[in-house]
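Shown next, in structure tokens, is the structure this report addresses.
As the structure is a computational prediction, the values presented were derived from the model and not from experiment. Chain identifiers are assigned alphabetically (A, B, ...) following the order of the sequence lines, protein sequences preceding nucleic acid strands; residue numbering begins at 1 within each chain.
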Number of protein chains: 2
Amino acid sequence: MVRTMGDTMNIGRAAKLSGVSAKMIRHYESIGLFPKPLRTNSGYRIYAMTDVHTLKFVKRARALGFSMADIKKLVGLWRSKTRESAQVKAMALSHIQELEQKIQELKSMSEALKKLTCHCHGDERPNCPILDDLASE
Amino acid sequence: MVRTMGDTMNIGRAAKLSGVSAKMIRHYESIGLFPKPLRTNSGYRIYAMTDVHTLKFVKRARALGFSMADIKKLVGLWRSKTRESAQVKAMALSHIQELEQKIQELKSMSEALKKLTCHCHGDERPNCPILDDLASE
DNA sequence: TTTAAAGCTTCCCATTGTGGGAAGGTCAAG
DNA sequence: CTTGACCTTCCCACAATGGGAAGCTTTAAA
């Protein structure tokens with residue numbers, strides 16, 4: 001292996017340090033979210049700690065439910081010196097909206113199901129208000 | 001076209017009556033959720049009103065967030081004369097659990113984001129607590 | 001009757017984000 | 001030098017839906 005300067009590492013180590021699987025790191029690279037890293041002579045990807053930081057950033061953004069497309073933009077803003085925090089805030093607010101909407105949808109489903117289940121005896125007999133409702137109208 | 005008895009229809013009409021797209025009807029058939037229908041001599045699928053009812057059933061179950069796998073079981077239970085309503089109720093309760101869990105996850109995301117956004121000025125300056133948080137640690 | 005539009009068929013591809021696995025090259029330790 | 005762990009690329013899968021192409025059938029109008 002080619003000796004590289006400083007604290008560089010291969011994909012497995014970067015994965016361990018960042019908490020992002022090697023599979024995903026390659027995927028992020030393939031969709032252009034992550035820059036193509038240098039390679040050793042034998043073709044192994046080489047990463048530095050800055051890459052690990054970026055991967056952690058991505059991971060955190062994922063944990064907040066941001067889409068890949070949004071994360072691509074966020075990484076760009078993060079790196080940008082001339083960014084305006086208003087842009088980031090706008091993305092965050094818009095994402096909160098999406099989350100709230102999704103929550104409402106799921107709540108509606110849950111509420112509807114709760115109503116149905118409390119009317120269902122849930123015994124050995126075939127009669128079932130849940131199925132009746134699904135089949136109704 | 002072969003004259004078929006009674007009120008039979010082709011896939012387009014079944015789609016319109018059930019509210020399930022023709023694309024999806026074929027898909028449901030391909031994954032075994034829906035029985036393979038009879039065909040005309042020229043290969044067109046033939047449906048009856050009972051199929052439309054089943055499709056509506058599926059559509060309603062989807063609207064409640066049930067997975068295809070669950071719906072397959074629900075349709076089976078619906079058709080079964082010997083079903084026990086307890087089985088249906090158990091599926092419903094389990095699904096409610098999943099929904100509630102998902103809701104909690106989304107709520108956590110939303111709450112976390114709300115906290116971050118209210119600390120972000122959102123102006124023309126680059127300083128941004130949201131990005132800082134994503135990059136932290 | 002002929003023709004054009006609308007509808008049907010199958011097959012393939014894309015989405016989102018993640019994982020599994022195969023086939024084959026590389027590196028490190030015994 | 002072998003073995004095992006690691007890397008590479010490439011393909012497939014999930015769930016549910018939609019888009020579209022190529023080609024055949026039915027229907028409605030001219």
Ring geometry between Phe34(B) and Tyr47(B) (parallel below 30°, tilted from 30 to 60°, perpendicular above 60°)
tilted

Just how far, in rounded Å, is C1' of dC7(D) from OH of Tyr47(A)?
11 Å

Verify whether one side chain among Asn127(B) and Ser85(A) offers a donor that lies under 3.5 Å from an acceptor in the other.
no

To the nearest Å, give me how far apart CG (Asn10(A)) and C1' (dC7(D)) are.
8 Å

Ignoring backbone atoms, establish whether Tyr28(B) has a side-chain N or O less than 4.0 Å from OP1 or OP2 of dT17(D).
yes

Once you apply a heavy-atom cut-off of 4.0 Å, does Arg26(A) come out as touching a base, just sugar-phosphate, or nothing?
base

Is the phosphate of dC8(C), meaning OP1 or OP2, less than 4.0 Å from a side-chain N or O of Arg45(B)?
no

Along DNA chain D (nearest heavy atom to each residue), the more 5'-positioned of Gly43(A) and Arg62(B)
Gly43(A)

d(CD1, Ile25(A); C1', dT9(D)) in whole Å
16 Å

I need the CE-C1' distance between Met9(A) and dC6(D), as an integer number of Å.
16 Å

Between dC11(C) atom P and Glu29(B) atom CD, what is the distance in whole Å?
12 Å

When rounded to whole Å, the NZ to P distance for the pair Lys59(A) and dT18(C) reads 10 Å

Determine whether any donor atom in the side chain of Lys23(A) lies under 3.5 Å from an acceptor atom in the base of dG21(C), or the reverse, and answer yes or no.
yes

Residue mapping more 5' on DNA chain C - nearest nucleotide basis, Tyr44(A) or Ser21(A)
Ser21(A)

Can you tell me the distance, in whole Å, between the CG atom of Leu55(B) and the P atom of dT17(D)?
12 Å

Figure out the NE2/C1' separation between His27(B) and dA14(C), and round it to whole Å.
14 Å

Between Met91(A) and Leu77(A), is a side chain to side chain contact (heavy atoms under 4.5 Å, CB included) present by the stated rule, with each step listed?
CA-CA 11 Å; Met91(A) 289 182 64; Leu77(A) 289 169; 4.1 Å; yes

Where each residue is assigned the nucleotide of DNA chain D containing its nearest heavy atom, which of Gly12(A) and Ser67(B) is assigned the position nearer the 5′ end?
Gly12(A)

Is the phosphate of dT26(D) approached by Ser42(B) (side-chain N or O, under 4.0 Å from OP1 or OP2)?
yes

Check the phosphate of dC7(D) against Arg39(A), side-chain N and O only, distance under 4.0 Å to OP1 or OP2. Yes or no?
no

Decide salt bridge (Lys or Arg N to Asp or Glu O under 4.0 Å) for Asp133(B) and Arg60(A); before the verdict, give the C-alpha distance in whole Å, the side-chain angles of both, and the deciding distance to 0.1 Å.
CA-CA 9 Å; Asp133(B) 180 89; Arg60(A) 288 184 158 240; 3.7 Å; yes

Do NZ/NE/NH1/NH2 and the carboxylate oxygens of Glu105(B) and Lys102(B) come within less than 4.0 Å?
yes

